[in-house]
Amino acid sequence: MKPLVCEMCGSADLVKTDGVFQCQHCGTKYSVEEAKKMMFEGVVTIDNSEQINNLYILARRARDEGNSGKAAQYYEEILKEYPNDWEASLYSVTLSAIDMTVGEITRAANMVYECLSTVFAIFVNNRPSEDEEEEILSEIQAHILDIGDMMYESAKENVGYFPKDFEMHQEFMYQANAVTKMVLAIGDCLEYVFPESGLACALAVDAWKMGMNIHYDARKTLKLKPQKDDTVIEYVTRISEYDPGYKSDYKVSGWDKKAFLKKRG
């Protein structure tokens, strides 16, 4: 006979109450017959849809309350059952990133950057209705931009305490560049995956504008001259294609769109 262990979370703390065995750790319930099969026959198939729904409720509640660490844990539990869920795939990473320290901003921004392609691939393979799709795209974009703003402002405030520390200035530029890359990437995903969507492209442009603002402000913060590199030339030109009235802090010309599209594939 095997010990009675919860198939959902692995806890051995199951208590019989009102004719059923309930896990004291995750709340999953088992009938007497299911418990017998688990002890004498091994794994049984159970309906855990109620448990998963409860995890969604708890994750969203924790997220709304600003308890990012706890929300990330709930989303990670959901991913174990539904690895192709865009919401859990996004928030399990972004909410973990939010919980990182100022010194970890570069790593946190890179974590979010790397998860975006996966999130959009999952989303495309499980597309909802058009109205719901637009709502979700707006939610994802706003969430990434909020994270970008929070990360950059934290890094900027921190470097202000070290006005003459070269290593801290260098670290700040690493952080600003990582956040810029993350913010630009959400715009790239929106335009690339939904090129015919007016809303997606408008959201992409707003993300690119924010990325350019961070890029410029980071150098301004350290009293450095604006750097008109290839990234600046590319994105200022792309923004201007959608918004001809766009006034950038950088004046650029000569972006090779054909070369860019060929490079992107």
Side-chain angles (χ1 to χ4, degrees), residues 63 68 72 75 78-79 82-98 100 105-152 175-215 229-243 246 248 255 257-265:
R63 197 177 84 205
S68 54
Y75 279 120
I78 293 170
L79 277 179
Y82 297 116
N84 291 323
D85 182 90
W86 76 263
E87 181 181 340
S89 297
L90 175 69
Y91 287 110
S92 61
V93 175
T94 59
L95 296 176
S96 294
I98 288 173
M100 291 185 176
I105 285 176
T106 299
R107 186 163 74 92
N110 286 333
M111 280 173 50
V112 176
Y113 168 82
E114 291 170 2
C115 89
L116 290 176
S117 58
T118 299
V119 170
F120 274 87
I122 291 172
F123 187 79
V124 168
N125 290 328
N126 301 276
R127 294 184 74 164
S129 65
E130 184 175 349
D131 289 343
E132 188 179 3
E133 178 174 284
E134 292 188 347
E135 183 179 344
I136 292 172
L137 293 180
S138 297
E139 175 185 337
I140 294 174
Q141 187 256 27
H143 180 58
I144 299 302
L145 266 56
D146 284 345
I147 292 174
D149 181 66
M150 182 192 69
M151 287 181 174
Y152 178 67
Q175 293 173 334
N177 289 339
V179 175
T180 297
K181 182 176 73 170
M182 177 190 77
V183 170
L184 294 176
I186 185 63
D188 291 347
C189 288
L190 287 162
E191 186 204 40
Y192 184 73
V193 178
F194 305 98
E196 305 302 323
S197 168
L199 173 67
C201 290
L203 293 172
V205 171
D206 286 343
W208 295 336
K209 287 179 179 178
M210 179 175 171
M212 290 296 93
N213 289 341
I214 293 174
H215 188 285
D229 56 23
D230 290 343
T231 298
V232 170
I233 294 172
E234 173 190 330
Y235 282 97
V236 169
T237 306
R238 291 171 73 183
I239 293 169
S240 298
E241 288 187 335
Y242 287 99
D243 181 3
Y246 173 59
S248 170
W255 178 54
K257 183 177 181 180
K258 289 184 178 179
F260 166 73
L261 293 174
K262 184 178 180 181
K263 180 179 179 182
R264 188 170 73 175

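- For the residue pair Asn126 and Asn84, the shortest heavy atom distance occurs at ND2-O, 4.0 Å.
- The side-chain heavy atoms of Arg238 and Val205, taken from C-beta on, include no pair separated by under 4.5 Å.
- Side-chain contact between Ile239 and Ser248 is absent, with no heavy-atom pair separated by less than 4.5 Å.
- Taking a 6.0 Å sphere around CZ of Phe194, one finds it holds more than 12 heavy atoms contributed by other residues, nucleotides or ligands.
- The number of heavy atoms from other shown groups lying within 6.0 Å of CD (Glu135) does not exceed 12.
- Within the 4.5 Å cutoff, no side-chain heavy atoms of Asp188 are placed close to those of Leu116.
- Across Ile214 and Ala176, no two heavy atoms sit closer than the pair CG2-O, 4.0 Å.
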message: Assess the residue pair Tyr75 and Leu90 against the criterion (side-chain contact (heavy atoms from CB on, under 4.5 Å)); give the C-alpha distance rounded to whole Å, side-chain angles, the decisive distance to 0.1 Å, and a yes or no.
response: CA-CA 9 Å; Tyr75 279 120; Leu90 175 69; over 6 Å; no
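- Heavy atoms only, all atoms of each residue included: Met210 and Asp149 are closest at CE-N, 3.3 Å.
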message: side-chain contact (heavy atoms from CB on, under 4.5 Å), that's the test. Do Val183 and Tyr152 meet it? Break it down for me.
response: CA-CA 11 Å; Val183 170; Tyr152 178 67; over 6 Å; no
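- Of all the heavy atoms in Ser89 and Val119, the pair that sits closest is C-CG2, 4.1 Å.
- Between Met182 and Ile186, every side-chain heavy-atom pair lies at or beyond the 4.5 Å cut-off.
- In this structure the side chain of Phe123 never reaches within 4.5 angstrom of the side chain of Val193, judged on heavy atoms.
- Using modelled atom types, one finds no donor on one side chain facing an acceptor on the other under 3.5 Å when comparing Tyr91 with Asp85.
- The closest side-chain heavy-atom distance from Trp208 to Glu191 is below 4.5 Å.
- Between the OG atom of Ser138 and the CG atom of Asp206 there is a distance of 10.0 Å, given to the nearest 0.5 Å.
- Here the CD atom belonging to Glu87 is positioned 6.5 Å from the CD1 atom belonging to Ile78, to the nearest 0.5 angstrom.
- A side-chain donor-acceptor contact under 3.5 Å links Thr94 and His143.
- What you find for Gln141 and Leu190 is that their closest heavy atoms are CG-CD1, 4.0 Å.
- Listed here is the closest heavy atom pair of Gly211 and Thr180: O-CG2, 3.5 Å.
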- prompt: What do the steps show when you test Asn177 against Lys181 for side-chain contact (heavy atoms from CB on, under 4.5 Å), and what is the final call?
  reply: CA-CA 6 Å; Asn177 289 339; Lys181 182 176 73 170; over 6 Å; no
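- For the atom pair CD1 of Ile136 and CH2 of Trp86, the computed distance is 5.0 Å after rounding to the nearest 0.5 Å.
- Under the 4.5 Å side-chain criterion, counting only non-hydrogen atoms from C-beta, Phe120 is not in contact with Tyr192.
- The shortest side-chain heavy-atom distance between Lys209 and Asp243 falls under the 4.5 Å cut-off.
- Atom CD in Glu139 sits 10.0 Å away from atom CG in Leu137 (nearest 0.5 Å).
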